[in-house]
2 protein chains.
Amino acid sequence: MSQMLQIHDQLREMILSLDLGPGERLTERWLESRFEGSRTPIRAALVRLEGEELVRRDGRNWIVAPIDLGELEALAEFRIPLETTAVRLACARASEADIAGVEEMLDACQSGAPREEWHRVGTDFHVEIARLSGNPFIVKAIAGAMTRLSRARWLEVWTEPSREQAWREHRRVLGFIKANDPEAAAREAADHIKDTRDRLLRSLNEDRRGLRARGFAVVGLR
Amino acid sequence: MSQMLQIHDQLREMILSLDLGPGERLTERWLESRFEGSRTPIRAALVRLEGEELVRRDGRNWIVAPIDLGELEALAEFRIPLETTAVRLACARASEADIAGVEEMLDACQSGAPREEWHRVGTDFHVEIARLSGNPFIVKAIAGAMTRLSRARWLEVWTEPSREQAWREHRRVLGFIKANDPEAAAREAADHIKDTRDRLLRSLNEDRRGLRARGFAVVGLR
DNA sequence: AATGCCGATTTGGGATACCAGCGTTGTCCG
DNA sequence: CGGACAACGCTGGTATCCCAAATCGGCATT
């Protein structure tokens, strides 16, 4: 694989895992030494990441995209029509095998699993459901939305019960798809998105202090 | 403005206006002489355009993204839930002034207007409506979808009546938003997207021969 | 005539050199 | 002691250079 893609993936991972703080400045020269490559592939990776809105320009400088908690509502508003459409289409189009694949993914994540695993599955579930719709535009839009949500979800204080509830909601959505009940699946998906949004906002609000302490600019959270 | 952005915009324009044929190969060296800049900013522009899917890699080479007419259905499927949501939100949120702005845009495009004008307004209308929703994610998604549609719309053989019908449908959508009737607006928007899709597909099918003659790979059109 | 092999040429990927602009810092003068 | 200004250093932007690999053509062989 080209060096540029390696750098892109590694940098992306560092950003999404909060190894690099939101808003942190990135100099091409620092990245140069960090990844032991020259500026050419690094700049390409940065331009690419800028397209994914994980990196941004601040004047002439590069910074890690800040987390704007104010967009959480808009994000849910965006996801609801798309994901309800996705599950309806999934009912019509997904094969038993496709559905079983998603089911396995959920099964593989048991209560003892590490935090990273829950985080990943919680994201991937939605993308995989979108994939069942067979519509590549829906898939890409959902994947982008989940990427945007990803870092905020790390900030959430996860309690065992809330994790369990999310897991149950995922199960229910998938169950209705399996039972070929598109309207119930759509209702369940919409409710799940709203529930998740509310849980996230509540948690972040309660933990503002903690966030600030960890150096995150809590912008736009009402 | 930086040279890279200039090159990006110019190249983008050349692609969207079909100055550069879909599938055509782009060599960095040709672009270098064409835009009288060095490869560095050109490569940045290409990476950027790759993110917008207007340019693509074919092995190690760069090519102008081919037009995949097979994605027209998926595109409509994607737009319907988003645009119906957009008009519903627009009813709730758009100010009189916002709506008047869109109305002016439609008014400015009279029957004598040049082809380019109709094309642009036909695209921008949907983006502006999305903007009335106040949801930036919806705006970006619709803008991306309309970009993807843009080149196929140049290939369409426009008849006066079909242009008139599209114009009337736009009017109707806007009228229902103005009358604050979200459900009627949503219905109208969905119908309009379907109508447009059908008109486009019918025209392209009838004109396959003409397309091939003009050198376009008519991939995936059933 | 078809085919396959080899080399010249061209391509993109990466590294590096150079430049212009901005900030910062440090100094000098009031 | 403070403020203004100048010099320096760091930044990203651009140009250029080198390299490996892929491509294309011509030639030899079958």
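Protein chains get the first letters and strands the later ones, always in sequence-line order, with residue 1 at the start of each. Everything quoted here is computed from the prediction, not taken from an experiment.
- Rounded to an integer number of Å, the gap from CZ of A:Arg25 to P of D:dT11 is 7 Å.
- With salt bridges taken as basic N to acidic carboxylate O contacts below 4.0 Å, one links A:Glu128 and A:Arg131.
- Between A:Glu77 and B:Arg93 there is a salt bridge, since a side-chain N of the basic residue sits under 4.0 Å from a carboxylate O of the acidic one.
- Nucleic acid contact class of A:Leu26 (heavy atoms, under 4.0 Å, all strands): sugar-phosphate only.
- Classified by interplanar angle (parallel below 30°, tilted 30° to 60°, perpendicular above 60°), the ring pair A:His170/A:His192 is perpendicular.
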Write down the protein N/O and nucleotide N/O pairs, taken from nucleotides 13-19 of chain D, whose separation is under 3.5 Å; answer none if there are no such pairs.
from	atom 1	to	atom 2	distance (Å)
D:dG13	OP1	A:Arg57	NH2	3.3
D:dG13	OP2	A:Arg43	NH2	2.2
D:dG13	N7	A:Arg39	NH2	2.9
D:dG13	O6	A:Arg39	NH1	3.0
D:dT14	OP1	B:Gln3	N	3.0
D:dA15	OP2	B:Ser38	N	2.7
D:dA15	OP2	B:Ser38	OG	2.8
D:dA15	N7	B:Thr40	OG1	2.7

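- Atom-to-atom, CG of B:Asn61 to P of D:dT23 comes out at 7 Å; the value is rounded to the nearest Å.
- Between A:Ile63 atom CD1 and D:dT11 atom C1' there is a gap of 15 Å when expressed in whole angstrom units.
- Once rounded to the nearest 0.5 Å, the distance linking CG of B:Leu26 with CZ of B:Arg56 reads 12.5 Å.
- Looking at A:Thr147, its side chain does come within 3.5 Å of a backbone N or O of A:Ala143 through a donor-acceptor pair.
- Atom-to-atom distance recorded for A:Leu149:CG and A:Glu71:CD is 8.0 Å, nearest 0.5 angstrom.
- The distance between atom CH2 of A:Trp30 and atom P of D:dG12, rounded to the nearest whole Å, is 12 Å.
- No engagement by A:Leu5 is indicated, since no non-hydrogen atom pair under 4.0 Å with the nucleic acid exists.
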